[in-house]
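A short write-up of the structure that comes next.
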Protein chains: 4
Amino acid sequence: MNATEEKARRSIGARRNPASAEAILDAAEAVLHEAGYSGFSIEAVARRARAGKPTIYRWWPSKAALLIEVYQRQKRDIVYADTGNIEEDLFQFLRSLFGSWRDTPAGNIFRSLIAEAQFDAAAAEALADYARGRRAYTGKLVERAIDRGEVARGVDPSQIADMVSSYAWTHLLTGRLDESEDKLRAAVGAIVNGIKV
Amino acid sequence: MNATEEKARRSIGARRNPASAEAILDAAEAVLHEAGYSGFSIEAVARRARAGKPTIYRWWPSKAALLIEVYQRQKRDIVYADTGNIEEDLFQFLRSLFGSWRDTPAGNIFRSLIAEAQFDAAAAEALADYARGRRAYTGKLVERAIDRGEVARGVDPSQIADMVSSYAWTHLLTGRLDESEDKLRAAVGAIVNGIKV
Amino acid sequence: MNATEEKARRSIGARRNPASAEAILDAAEAVLHEAGYSGFSIEAVARRARAGKPTIYRWWPSKAALLIEVYQRQKRDIVYADTGNIEEDLFQFLRSLFGSWRDTPAGNIFRSLIAEAQFDAAAAEALADYARGRRAYTGKLVERAIDRGEVARGVDPSQIADMVSSYAWTHLLTGRLDESEDKLRAAVGAIVNGIKV
Amino acid sequence: MNATEEKARRSIGARRNPASAEAILDAAEAVLHEAGYSGFSIEAVARRARAGKPTIYRWWPSKAALLIEVYQRQKRDIVYADTGNIEEDLFQFLRSLFGSWRDTPAGNIFRSLIAEAQFDAAAAEALADYARGRRAYTGKLVERAIDRGEVARGVDPSQIADMVSSYAWTHLLTGRLDESEDKLRAAVGAIVNGIKV
DNA sequence: ACCTAAGCGAGACGGTACGTCTCGTCTTGCG
DNA sequence: CGCAAGACGAGACGTACCGTCTCGCTTAGGT
């Protein structure tokens with residue numbers, strides 16, 4: 001998190017300078033940590049990173065894009081277990097995700113990102129793109145279960161992923177990341193087994 | 001929703017002018033409907049209400065406070081059908097909720113409140129209270145189904161409500177309120193019947 | 001020229017604050033003097049005046065407008081003599097103008113303004129307006145001479161003024177403000193008496 | 001004026017590439033013509049010439065240097081008629097000059113050079129040299145008239161030339177190149193015949 | 001025939017200034 | 001004393017250029 005570079009970085013020719021990219025991401029993280037989302041401006045990041053604003057805009061078209069990258073760098077590795085049991089796979093995924101959001105800055109960053117997307121169209125698009133990708137990824141868990149014959153063929157994997165991540169998002173947004181494991185298991189169980197008698 | 005006053009209101013002396021307060025709330029609602037959260041600034045509301053900014057600041061110390069009051073004024077005529085079939089009940093609830101959020105200011109107001117709640121503690125509390133209430137209320141649908149013997153005894157009604165409303169919130173926040181009825185039925189179906197083969 | 005205010009100025013309500021206007025003009029003058037035209041930016045003026053940029057833009061729609069007002073404040077009173085002799089009147093006007101441009105910052109300010117007008121449309125218009133006014137004013141000398149019967153009736157006063165001020169502008173722009181009185185008299189003489197045998 | 005090269009130029013080794021130099025000057029001229037001085041940036045010229053910025057900076061250390069060279073390349077086919085009548089000669093000169101400035105890049109180039117000369121010493125010197133030459137040249141019209149006995153002996157030809165070109169410069173700088181022929185004749189008439197009754 | 005030196009296009013870099021926007025505060029004068 | 005009005009200092013927004021830098025290439029001329 002070497003945010004205060006001792007020497008000015010110079011151009012390294014007509015190619016992206018990785019040192020600048022890293023300094024910017026470091027600075028973004030530091031600004032978010034120290035000033036919170038309300039103090040998070042491109043100007044502040046540029047100042048802190050000793051970078052020009054255009055350099056930031058060149059590589060991150062919106063505040064949201066920068067936030068997403070900071071978020072991804074920050075986020076602790078999420079478990080995508082393959083236990084041969086869809087219920088267990090989804091539970092471990094949720095538990096891992098809640099833990100990461102609880103214990104690292106990632107949760108707050110993602111909350112900021114969702115808020116940002118509510119009034120910035122570019123942020124909304126960036127977030128939608130990201131969420132689509134995550135749903136596809138999480139959907140793989142369900143696909144595997146379908147291939148195993150564990151889950152019915154007609155089920156749409158990305159829709160189940162949508163359900164699971166919606167549950168996670170909403171708990172993040174309303175400060176309920178401390179649900180017990182039983183609760184998480186029950187939530188997953190409802191989806192997997194249904195609630196009918 | 002008489003937002004565009006044709007005549008300037010005059011002071012009524014050294015007392016709060018209810019007409020101004022109402023005009024401000026009307027204007028806030030209209031602005032949220034027409035320009036969304038991104039266009040929702042104190043300046044814009046003051047302009048629309050033909051009110052001075054200090055008048056707004058005098059009575060609502062923050063954007064969040066104004067949002068909360070606007071949102072509480074909103075009547076929500078969501079259908080809570082009782083068809084005797086939990087799947088149909090939940091589907092109609094979701095369809096009605098999505099429609100309301102799509103076609104009235106309610107959607108934008110709620111989105112804005114969620115966003116605001118991510119950095120304003122008062123808004124966060126108001127939102128949490130509200131969400132709790134909604135879960136309890138929606139949970140009644142499930143309780144009825146349990147009483148009917150349609151749903152298993154062990155199921156936690158408010159958790160199912162959580163799942164359903166999470167799905168709705170996330171779609172609101174990511175601009176996916178135009179899901180087809182089939183999609184909504186499929187989502188409800190997954191919860192009610194499970195996805196196992 | 002109290003440019004560095006010791007105390008922050010405060011709003012004085014919904015009216016223009018003369019203290020701010022003065023501070024801005026003082027700052028503009030100081031910046032022009034210290035950094036020259038190339039260092040003259042709205043940002044620099046705002047910084048120096050401890051004023052917000054919008055405050056400057058509110059009252060001076062362009063850099064040129066600000067330059068014009070600074071110029072007008074600066075310029076030493078130009079002599080508009082009324083000797084009863086058009087030749088003498090014009091000569092004294094020119095001598096006075098050249099002197100003012102030579103001995104005060106006014107010359108440099110006006111040069112800056114003309115340069116600015118070459119790439120800023122707003123500046124061009126402001127300059128054109130100003131020049132039109134000056135021509136009309138200077139034209140009065142000729143009008144008086146016409147009324148006296150000294151000058152032919154068909155002569156267009158503003159065109160003669162145009163000729164005289166063109167002569168002055170060009171000498172300003174090419175660094176020839178040190179013309180001898182004889183030269184000035186000869187120039188005026190050519191216009192007034194013609195050059196024919 | 002083959003400004004839009006269809007093919008990329010190739011390097012010709014470790015020597016200045018005349019094709020690039022020419023393309024840059026062509027581009028500079030085209031940019032000045034189309035966008036005027038305000039659109040005249042090194043970036044714009046480089047873009048238009050498909051040249052790298054360092055290539056321009058290598059050979060022309062400043063905007064002024066580039067301007068001067070562009071301006072010197074400009075051929076000026078100004079009419080120096082010899083009708084045997086000084087008034088007609090000067091009128092045709094002015095009309096021709098105004099037309100050239102209006103219809104070719106020359107006007108914008110010259111305007112730009114004058115503007116640039118207000119803060120760049122090299123440009124100022126180049127401009128002063130040029131102006132001196134032009135005055136001498138235009139003065140020849142007056143000399144001829146003196147020789148013909150049409151104009152008084154004591155008149156300084158270069159001063160009359162100064163007057164005439166000042167009139168032209170000022171009209172160029174204030175966007176008044178569309179003066180009617182009557183106005184031009186009146187201006188010339190004032191100088192030649194005087195304005196006295 | 002190889003090697004080196006320099007010019008070339010491209011474009012990223014840290015900066016500065018642009019003109020616009022909204023923030024929350026302040027003061028006026030009317031009612 | 002509340003109100004509409006709107007000016008104020010502050011500072012972020014996203015864009016345009018500035019002048020510098022480095023890259024990878026191309027080719028001429030010296031060896």
Side-chain angles (χ1 to χ4, degrees), chain A residues 8-17 19-21 39-44 46-47 49-59 61-63 120 122, chain B residues 8-17 19-20 39 41-44 46-47 49-59 61-63, chain C residues 8-17 19-21 39-44 46-47 49-59 61-63 122, chain D residues 8-17 19-21 39 41-44 46-47 49-59 61-63:
Chain A
R9 285 178 310 281
R10 298 265 274 282
S11 168
I12 57 167
R15 315 165 356 253
R16 181 172 190 176
N17 187 341
S20 288
F40 181 74
S41 66
I42 299 286
E43 297 243 354
R47 245 190 326 263
R50 305 189 58 73
K53 277 198 288 175
T55 302
I56 300 183
Y57 282 108
R58 188 154 22 235
W59 303 112
S62 66
K63 208 145 89 167
D120 183 290
Chain B
R9 286 179 309 284
R10 301 268 275 276
S11 169
I12 56 169
R15 297 147 28 226
R16 177 171 183 173
N17 187 341
S20 287
S41 66
I42 299 288
E43 298 245 352
R47 229 176 358 249
R50 304 189 58 73
K53 283 196 287 174
T55 305
I56 299 183
Y57 282 108
R58 195 170 357 251
W59 303 112
S62 69
K63 208 146 90 165
Chain C
R9 287 179 307 284
R10 298 266 276 279
S11 168
I12 57 166
R15 320 172 345 262
R16 180 171 190 176
N17 187 340
S20 287
F40 182 73
S41 67
I42 298 288
E43 296 243 353
R47 244 189 329 261
R50 304 190 57 75
K53 280 197 288 175
T55 303
I56 299 183
Y57 281 108
R58 187 160 18 240
W59 302 113
S62 67
K63 210 144 90 167
Chain D
R9 288 179 305 284
R10 300 266 279 279
S11 168
I12 58 167
R15 305 158 13 242
R16 178 171 189 177
N17 188 341
S20 286
S41 65
I42 299 288
E43 296 245 353
R47 224 168 12 239
R50 304 189 57 73
K53 281 196 287 175
T55 303
I56 299 183
Y57 281 108
R58 189 161 12 240
W59 304 111
S62 70
K63 207 146 90 166

With C/Arg16, which residues qualify under side-chain contact (heavy atoms from CB on, under 4.5 Å), at least two apart?
C/Ala21, C/Trp59, C/Trp60
[X] versus [Y], closest heavy-atom pair with distance:
| X | Y | answer |
| --- | --- | --- |
| A/Ser20 | A/Arg9 | OG-NE, 3.0 Å |
| D/Ala46 | D/Gly52 | CB-C, 4.4 Å |
| B/Gly39 | B/Ala44 | O-CB, 3.6 Å |

Across all chains, not counting sequence neighbours, the salt bridge (charged side-chain N to carboxylate O under 4.0 Å, His left out) partners of B/Lys53 are B/Glu43
Grab the CD1-P distance between B/Ile56 and E/dG24 for me, whole Å please.
11 Å
Whole Å only: how far is the CZ atom of B/Arg58 from the C1' atom of E/dT25?
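One finds 12 Å between C1' of E/dT25 and CZ of B/Arg58, rounded.
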Protein within reach of the bases, or only the backbone? For nucleotides 14-21 of chain F, mark each nucleotide 5' to 3' as B, S or -, using heavy atoms under 4.0 Å.
BBBSBBBB
Would you tell me if any nitrogen or oxygen in the side chain of [X] comes within less than 4.0 Å of OP1 or OP2 on [N]?
| X | N | result |
| --- | --- | --- |
| C/Arg50 | F/dC8 | no |
| B/Ser20 | F/dG2 | no |
| C/Trp59 | F/dG6 | no |
| A/Thr55 | E/dA12 | no |

Would you kindly compare A/Arg15 and C/Ala21 by the position of their nearest DNA chain F nucleotide and give the one closer to the 5′ end?
C/Ala21
